[in-house]
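Since the structure comes first, as structure tokens, the remarks are kept for the end.
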Amino acid sequence: MAITDIQNGILYYQNGREKMRIEPWGEDSLRVRVTYAAQIDEGEDWALLPKPEAQDVELTQDDAKGSLSIRNGKIRAVVDRHGYLAFYNQKGEELTREYWRNRSDLTEYCVPLNYKARFFKPIIGGDWRVTAFFEAYDDERLYGLGQYQEKQLNRKGLTLELAQRNSQASIPFLLSTRGYGFLWNNPALGRVTLGLNRTEWVADSTRQMDYWITAGDTPQEIEEHYTAVTGRPPMMREDVMGFWQCKLRYRTQDEVLSVAREYKRRGIPLDVIVIDFFHWTRQGDWKFDPACWPDPDAMVKELNDMGTKLMVSIWPTVDVDSVNNRELAQMGGLIQADHGSLYSTFMGYTTYFDATHPGAREVIWREAKKNYFDKGIDLFWLDEAEPETAANDMENVRYHIGPGQQVANIYPFFYAKSFYDGMTKAGMDKVVNLVRCAWAGSQRYGVLLWSGDVYSSWRSLREQVCAGLSASVSGMPWWTCDIGGFIGGYTDDPAFHELFIRWFEFGAFLPVFRLHGERLPHWPCDGMRYKAENGDPQFGTGAANEIWSYGEENFEICKKYIFQRQKLLPYIRRAMEQAHEKGTPVLRPLFYAYPQDKAGYDHEDTYLFGDDILVSPVTEPGVTEKAVYLPAGETWREAATGKEYAGGQVVTAAAPLSVIPVFVRKGADVDL
């Protein structure tokens, strides 16, 4: 016989060892926790902010049916007499329900499979492998889940790994066209399968099931609910909304200054220039190598005088010979292996600082503040944020807060928190840091997510459109990618030039407009290493990657889009205000911006940049025109030609090499 209770605005259900707790958690939202342990663990909120005060909550018990229900605004959960759980909106329409196939279920789902929707498989000597099953619906499209290198914006039919990797950011939030949002609030390794027959969430090892669900009448309302409970970004800084210059890698202070001076000489605005990895003495020292960077204070001052901010790369790696290794090791502030060794031999003998350890977070910020921030550098590139261990064997990693198999996905969340906490304590209110990975809630720590070390190819460019839109729907309104791709691309190759220009045009209509890449050929060619004056091993560099590196004609195209970006800064600022105030993505898929226009759902390569600009990047070679769908209910002006078109149709847009198809909603205040 099940034990049930409703009290203090919370619904409780227990059947044998299984215990379930459902409670309001934000507007029109509920949090569900289930365990087979002695009691529900209420000590970890993971991605969620502390529980807000409940509003408009109603709990009822139907003795005749043997069911319990809890309503919070527009969402209602019902637990029937068998313990089966279903969710409904304010109209009584089913949003989703658990997938049960049990002979004791005397409903239309009754089949003698004894298939339970909440499955806890004991791990001998440990906790549980947990699986949650939900029904699949033919009319449902599912979006979000973070950033994966896949071509499908609609995730229905996909199986995706819940794990962090270079170019993969697992953010386990789904937005459904049935009118709900769902967060798998569990940082464990696992997978999600969005099958045609059922939806399946798996945590390979965990203490309990934990998820959050919300109801909304529009995607925007759902997104607002989600970001209200996981956090919203600070306001984007005014001085970084323009063009960023980066390459692998500027090796010396003179190189950085010479590039910035050349932009200044040519009259081209440059908001940010970036110093990439291995500008340091040893990994884990987190300071400039004086042999190559003799006077950082003077460098920062000259850049500031030119109107250019400096960003520096930070790696979480710690060499055994680092000045900080002993302190971190003694406090337990390095990640550990359960078996064997996690040490890497890449440019030293290194492991990683443990971002889940509060003391370790204080150490890395202390050193970064002393060696960078106090010199006027307040933009950090937090690379290797997965972290990328030697074999990506996160199940073999032991963190301060638990085994990697249970908590690994939250590492980039705490890595970003290290710097956000330090910078806000130092007086900054607009923190922006570039991070190679993210988890649910990372956005509240000023994370600018980029798509990692993607390949320089047309396929990769196509996948970046999907990656950016999916990450945006997942609560990360600040997103960018390496213009031109990171891996590959010969600077003097005409075939690469076409890809580069198309990528550059796309980059101009992203939240951050950033050029980066490991251009070929490398220098030097033998292992990309050279010896600095002090004898420490250093990394080499790639070929030139400035906008004048690709020939005069391509330079003029790049310059055109840099100045176009400058004209759009007031418009971009408004979009950033929406992201800060309401969690609204800067990049918006057509289904998100125009949910009533079902015809637009199939056009996944076109998006809204802010409220009024429609962008359809060219992602194939040899293109001179492109078919573009214009959302219904609006009149659209083609930026390149000035022609106006009624929405609700596919039009042929001009797309010579110098033009990306862009349309502006009629009546909008946009200088384009």
Side-chain angles (χ1 to χ4, degrees), residues 166 248-252 275-294 296 312-373 375 377 380-394 396-400 404 408 411-412 414-416 418-419 422 435-437 453 527-541:
N166 185 346
L248 182 130
R249 71 182 179 92
Y250 297 121
R251 298 165 298 161
T252 67
I275 298 174
D276 203 345
F277 63 1
F278 292 101
H279 64 267
W280 43 68
T281 45
R282 290 181 178 85
Q283 296 175 72
D285 285 355
W286 300 305
K287 65 181 179 182
F288 284 109
D289 181 347
C292 303
W293 312 89
V312 295
S313 170
I314 299 285
W315 273 25
T317 47
V318 180
D319 195 293
V320 293
D321 291 326
S322 165
V323 296
N324 298 303
N325 180 70
R326 179 183 293 273
E327 180 182 6
L328 287 166
Q330 288 179 339
M331 70 169 58
L334 300 172
I335 67 172
Q336 303 294 321
D338 279 351
H339 302 283
S341 172
L342 290 173
Y343 279 84
S344 168
T345 57
F346 179 65
M347 301 294 290
Y349 191 60
T350 63
T351 187
Y352 290 79
F353 99 104
D354 187 346
T356 74
H357 191 299
R361 293 199 296 269
E362 291 179 2
V363 169
I364 193 173
W365 171 247
R366 181 194 70 203
E367 297 302 304
K369 182 178 186 300
K370 176 177 61 180
N371 297 317
Y372 300 113
F373 188 83
K375 298 179 182 299
I377 299 168
F380 295 95
W381 177 2
L382 308 182
D383 207 343
E384 289 278 318
E386 301 78 24
E388 194 175 42
T389 59
N392 277 323
D393 289 332
M394 288 300 153
N396 189 38
V397 175
R398 182 70 55 166
Y399 292 99
H400 173 70
Y411 184 95
F414 282 115
Y415 186 16
S418 306
F419 283 75
V435 188
R436 199 173 75 180
C437 214
D453 298 344
M528 300 175 60
R529 302 185 186 200
Y530 76 103
K531 293 285 185 178
E533 292 178 11
N534 64 357
D536 288 332
Q538 293 290 323
F539 211 77
T541 186

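All residue numbers in this chain count up from 1 along the given sequence.
A side-chain N or O of D285 and one of S322 form a donor-acceptor pair less than 3.5 Å apart.
A side-chain donor-acceptor contact under 3.5 Å links N166 to the backbone of D453. Checking side-chain atoms of D383 against main-chain N and O of I314 turns up no donor-acceptor pair under 3.5 Å. Side chain of Y352 to main chain of E388: a donor-acceptor pair is present (N/O by atom type, distance under 3.5 Å, no hydrogens or angles). A donor-acceptor pair under 3.5 Å is formed between the side chain of R249 and the backbone N or O of F278. Distance alone, capped at 3.5 Å, is enough to place a donor-acceptor pair between the R361 side chain and the A355 backbone. Listed for the D319 side chain is no donor-acceptor partner under 3.5 Å among the backbone atoms of Q283. Checked by atom type and distance alone, the side chain of R398 never pairs as donor or acceptor with a backbone atom of G404 at under 3.5 Å.
Nearest heavy atom pair, residue P296 against residue P294, reads CD-C, 3.7 Å. Contact between L328 and W286 at its shortest, heavy atoms only, is CD1-CH2, 4.1 Å. The minimum heavy-atom distance linking N324 with G284 is given by the pair ND2-O, 2.7 Å. When all heavy atoms are compared, the tightest approach of A408 to Y399 is CA-CE1, 3.9 Å. Pairing each heavy atom of C437 with each of A385, the nearest pair is N-CB, 3.9 Å.
Side-chain atoms of V363 and M331, non-hydrogen and from C-beta on, do get closer than 4.5 Å to each other. Side chains of F353 and P387 form no contact here, defined as non-hydrogen atoms less than 4.5 Å apart. Between W315 and T350 there is no side-chain heavy-atom pair separated by less than 4.5 Å. Taking 4.5 Å as the limit, some side-chain heavy atom of R366 sits within range of a side-chain heavy atom of E327.
Ring orientation note: the planes of F373 and W365 are nearly perpendicular, at an angle over 60° on the 30°/60° scale. Relative orientation of the H279 and Y372 rings is perpendicular, given thresholds of 30° and 60° on the angle between their planes. The aromatic rings of Y411 and Y415 sit tilted relative to each other, their planes meeting at an angle between 30° and 60°. Ring pair H357/H400 is tilted by interplanar angle, where 30° to 60° counts as tilted.
One finds a salt bridge joining E386 and R436 here, because a Lys/Arg side-chain nitrogen approaches an Asp/Glu carboxylate oxygen to under 4.0 Å.
W381 and F277 have their aromatic ring centers separated by at least 6.0 angstrom.
Across I377, T281, N371, a single residue satisfies side-chain contact (heavy atoms from CB on, under 4.5 Å) together with F288, and that is I377.
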